Amino acid sequence: METKYKNVMCGNITKELSGKDVVIAGWVHQIRDLGGKKFIVVRDFSGVVQVTISKDSAPKDLLDIAEELTFESVVQVRGFVKEDPRAPRGVEIVPYEIKLLNVAKKPLPLDVSGKVPADIDTRLRERVLDLRRAEMRAVARISDTALKTIREVLRGYGFIEVFTPKIIASATEGGASLFPVIYFGKEAFLAQSPQLYKELLAAAFERVFEIAPAWRAEESDTPYHLAEFISIDIEAAFMNYEDVMKILENVVYEVMKAVKEENEDDLKTLNYTLPDISLPLPRIKYIDAIKMLRDKGVSVEPGEDLSITHLRILSESIESPLYFIVEFPTKIRAFYTKPKDDDPTYSESFDLVWKHLELASGSSRIHKKDQLVEALKERGLNVESFSFFVKWFDYGMPPHAGWGMGYSRLLLMLTGRSNVKEVTLFPRDKKRLTP
RNA sequence: GCCGCGGUAGUAUAGCCCGGCUAGUAUGCGGGCCUGUCGAGCCCGUGACCCGGGUUCAAAUCCCGGCCGCGGCGCCA
């Protein structure tokens, strides 16, 4: 779209535009001064294009402005497209006029052009410059493809997109710590999951999904945890865990397919190849996973939760990079998880694992009130504080199931990066509240 | 929170084990040369040892404490 500032994106300038006048706007990516010629590489979100100035023929005021340019200064260039085999991609812009819209200070606290690497700590501190780097623009585009595809696939299954409240009353859900907020003088908390509300919505709209932030005030200090993260959640009435697993593996499959098709260049920029998977994904029962580990000499007892170390070892003996672990012990899962009818020690639950990383987890949910109250009591939770939730189990709560997936973890698989902070635009962790 | 490793110019690193007085390199920055670069090249210059204490004639280097970072765990609907 043509705007007040530009009529074409740098990456879209091709030989077909040869001879045409264009206006581009972007950041000064590189400057190469060769005596008689000066090359200015201008970058926008789409890519880069070279602006070539011949010092003998260019007007003086243009040369003066060219002298003032610094890396990451914002410029608008009006000129004509010239086909030239010596130029990158065979085209360049010969400028009539360069407008300096904003001069960048020097030196930059981070190299945007990719010549000098930076530590993750420096990158997050200088995040906006870091996000301009080719790798991060690729991550952003892959992320967008993934989001778009997730929504398309879920809508294809008849899910509708919803939002659940993020300020909640109850801190007594057990497990993770919550961030307290003051809500009109009352104590409230930031939601750590849409779980309970999405279940209630499934009792009204049958199939719902939400892509939204969640917060956990955990001590967790790892490359896989954030204090604020995006959770992709679905909840569906009249489905069980096997039904929603099929939806989950299809979502992931379609996302990987879309990224392969639509982000070929981005994957190349990231020097990453997506893993190949075929459906259905392997489904390994928890108890069999324990056996496999014990056969390998790992000391792990049935009933114990699987740690990341266990998953690392387990993934070595599973040919698929993505797999499900199913039917966890009931007592290590959340209270709303439905136990198996034939063996209540185990539950209708699953985790989706990529190598050693848990991407998603889900289950059939309890839909009978008595059973739910019992499950709360067994975990030592205060039934009264869940009354806002339990109440609706008196009025037509259907059988239902769902899952939640950590978005930044999915992005790790899609981009080949190793730290969720890297693929989160402005990550919030225990020690980072800015930028 | 525990364990491990680390903190050297704006950025990224070498030097540290085996202490020695111009702290090297790349990139950046300033200046110069060069009509086609594309990680441009060449020449000159510029800029740094996390903080505090200790050992020593002498500390970037060894020791202690602190702060900060990264990784491995733990914690984790």
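What you see is a predicted model; the values in this text were computed from it and never measured. So you know, we letter chains A, B, ... as the sequences are listed, proteins then strands, and number each from 1.
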Which of parallel (below 30°), tilted (30 to 60°) and perpendicular (above 60°) describes A/Y286 and A/Y346?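 A/Y286 and A/Y346: tilted rings.
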Classify the nucleic acid contact of [X] as base, sugar-phosphate or nothing, counting any heavy atom under 4.0 Å across all strands shown.
{"X": "A/K431", "result": "sugar-phosphate"}
{"X": "A/R125", "result": "sugar-phosphate"}
{"X": "A/K82", "result": "base"}
{"X": "A/T337", "result": "nothing"}
{"X": "A/P109", "result": "sugar-phosphate"}
{"X": "A/G35", "result": "base"}
{"X": "A/D111", "result": "nothing"}
{"X": "A/L110", "result": "nothing"}

Between A/R127 and A/E422, which heavy-atom pair has the shortest distance, and what is it?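 Minimum heavy-atom contact is NH2-O, 2.9 Å.
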Where A/F335 and A/I366 come nearest, the two heavy atoms and their spacing: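 So the two residues come closest at O-CD1, 3.4 Å.
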What is the distance, rounded to the nearest whole Å, between atom [atom1] of [X] and atom [atom2] of [N]?
{"X": "A/F189", "N": "B/C76", "atom1": "CZ", "atom2": "C1'", "value": "17 Å"}
{"X": "A/I120", "N": "B/G7", "atom1": "CD1", "atom2": "P", "value": "19 Å"}
{"X": "A/D429", "N": "B/C70", "atom1": "CG", "atom2": "C1'", "value": "12 Å"}
{"X": "A/H310", "N": "B/G72", "atom1": "NE2", "atom2": "P", "value": "17 Å"}
{"X": "A/K38", "N": "B/C34", "atom1": "NZ", "atom2": "P", "value": "15 Å"}
{"X": "A/I308", "N": "B/G72", "atom1": "CD1", "atom2": "P", "value": "8 Å"}
{"X": "A/L306", "N": "B/C76", "atom1": "CG", "atom2": "C1'", "value": "15 Å"}
{"X": "A/L34", "N": "B/C43", "atom1": "CG", "atom2": "P", "value": "16 Å"}

Does [N] have OP1 or OP2 sitting under 4.0 Å from an N or O in the side chain of [X]?
{"X": "A/S220", "N": "B/G74", "answer": "no"}
{"X": "A/K115", "N": "B/G28", "answer": "yes"}
{"X": "A/R216", "N": "B/C75", "answer": "no"}
{"X": "A/R312", "N": "B/C73", "answer": "yes"}
{"X": "A/N419", "N": "B/C70", "answer": "no"}
{"X": "A/R432", "N": "B/C70", "answer": "yes"}
{"X": "A/T222", "N": "B/C73", "answer": "no"}

Is there a salt bridge (charged side-chain N to carboxylate O under 4.0 Å, His left out) between A/R141 and A/D265 once you walk through the steps? CA-CA 10 Å; A/R141 275 190 288 260; A/D265 292 345; over 6 Å; no
So, A/K198 and A/E235, do they make that salt bridge, N to O below 4.0 Å?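 So A/K198 pairs with A/E235 through a salt bridge.
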Hey, are A/R409 and A/E358 close enough for a salt bridge, meaning a charged N less than 4.0 Å from a carboxylate O?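 Salt bridge between A/R409 and A/E358, a charged N being under 4.0 Å from a carboxylate O: no.
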Output the single nucleotide from [options] whose closest atom is nearest the side chain of [X].
{"X": "A/Q30", "options": "B/G74, B/G39, B/G36", "value": "B/G39"}
{"X": "A/F71", "options": "B/G10, B/G69, B/G28", "value": "B/G28"}
{"X": "A/E219", "options": "B/U11, B/G36, B/G1", "value": "B/G1"}
{"X": "A/H225", "options": "B/C73, B/C76, B/U11", "value": "B/C76"}
{"X": "A/T309", "options": "B/C75, B/C73, B/G36", "value": "B/C73"}
{"X": "A/P107", "options": "B/G28, B/C75, B/U37", "value": "B/G28"}
{"X": "A/F39", "options": "B/G36, B/G72, B/A12", "value": "B/G36"}
{"X": "A/V116", "options": "B/G1, B/U35, B/A26", "value": "B/A26"}
{"X": "A/D121", "options": "B/U37, B/G69, B/C73", "value": "B/G69"}

Let me confirm one number: the CG-CG distance from A/D221 to A/L226, rounded to the nearest 0.5 Å.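 CG of A/L226 is found 10.5 Å from CG of A/D221.
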Could you measure the distance from the CE atom of A/M292 to the CD1 atom of A/I313? Nearest 0.5 Å is fine.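 The distance works out to 11.5 Å.
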Taking only the [atom1] atom of each, what is the distance from [N] to [M] in whole angstrom?
{"N": "B/A9", "M": "B/U61", "atom1": "P", "value": "14 Å"}
{"N": "B/G24", "M": "B/A48", "atom1": "P", "value": "11 Å"}
{"N": "B/U8", "M": "B/G15", "atom1": "C1'", "value": "9 Å"}
{"N": "B/A23", "M": "B/C50", "atom1": "P", "value": "15 Å"}
{"N": "B/G45", "M": "B/C3", "atom1": "P", "value": "49 Å"}
{"N": "B/U56", "M": "B/C16", "atom1": "P", "value": "24 Å"}
{"N": "B/G10", "M": "B/G30", "atom1": "C1'", "value": "14 Å"}
{"N": "B/G71", "M": "B/U13", "atom1": "P", "value": "13 Å"}

Could you tell me whether A/R333 sits above the aromatic face of A/F328, with NZ or CZ closer than 6.0 angstrom to the six-membered ring centre and within 45 degrees of the axis?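 Verdict for A/F328: a cation-pi partner in A/R333.
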Quick one: on RNA chain B, does A/D84 or A/R123 contact a more 5' nucleotide (nearest heavy atom)?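 Going by which nucleotide is closer to the 5' end, it is A/R123.
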Let me spell it out: for each of A/A334 and A/E92, pick the nucleotide of RNA chain B with the closest heavy atom. Which residue's pick is nearer the 5' end?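 Residue closer to the 5' terminus by nearest nucleotide: A/E92.
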A/Y336-A/H400 side chain donor-acceptor pair, cut-off 3.5 Å: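 No, no side-chain donor-acceptor contact under 3.5 Å.
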Side chains of A/D56 and A/S54: do they bring a donor and an acceptor to under 3.5 Å?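 Not at all, the side chains of A/D56 and A/S54 share no donor-acceptor pair under 3.5 Å.
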Pairwise N/O distances under 3.5 Å, protein to nucleotides 13-15 of chain B:
none

For this output row, return yes or no: ring centroids of A/Y241 and A/F350 closer than 6.0 angstrom.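 Judged by ring-centre distance (under 6.0 Å), A/Y241 and A/F350 do not meet the cut-off.
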Take A/E378 and A/K331 through the test salt bridge (charged side-chain N to carboxylate O under 4.0 Å, His left out) and record every step on the way to the result. CA-CA 9 Å; A/E378 272 168 16; A/K331 66 176 182 187; over 6 Å; no
May I ask you to check whether over 12 heavy atoms, not counting those of A/K6, lie within 6.0 Å of atom NZ?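 Yes - once you tally the heavy atoms of other residues, nucleotides and ligands closer than 6.0 Å, there are more than 12.
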In dot-bracket form, 5' to 3', how is RNA chain B paired? Count Watson-Crick and G-U wobble pairs only if both distances fall under 3.5 Å, and write | where the partner sits on another strand. (((((((..((((......[...))))((((((.......))))))...(((((..]....))))))))))))....
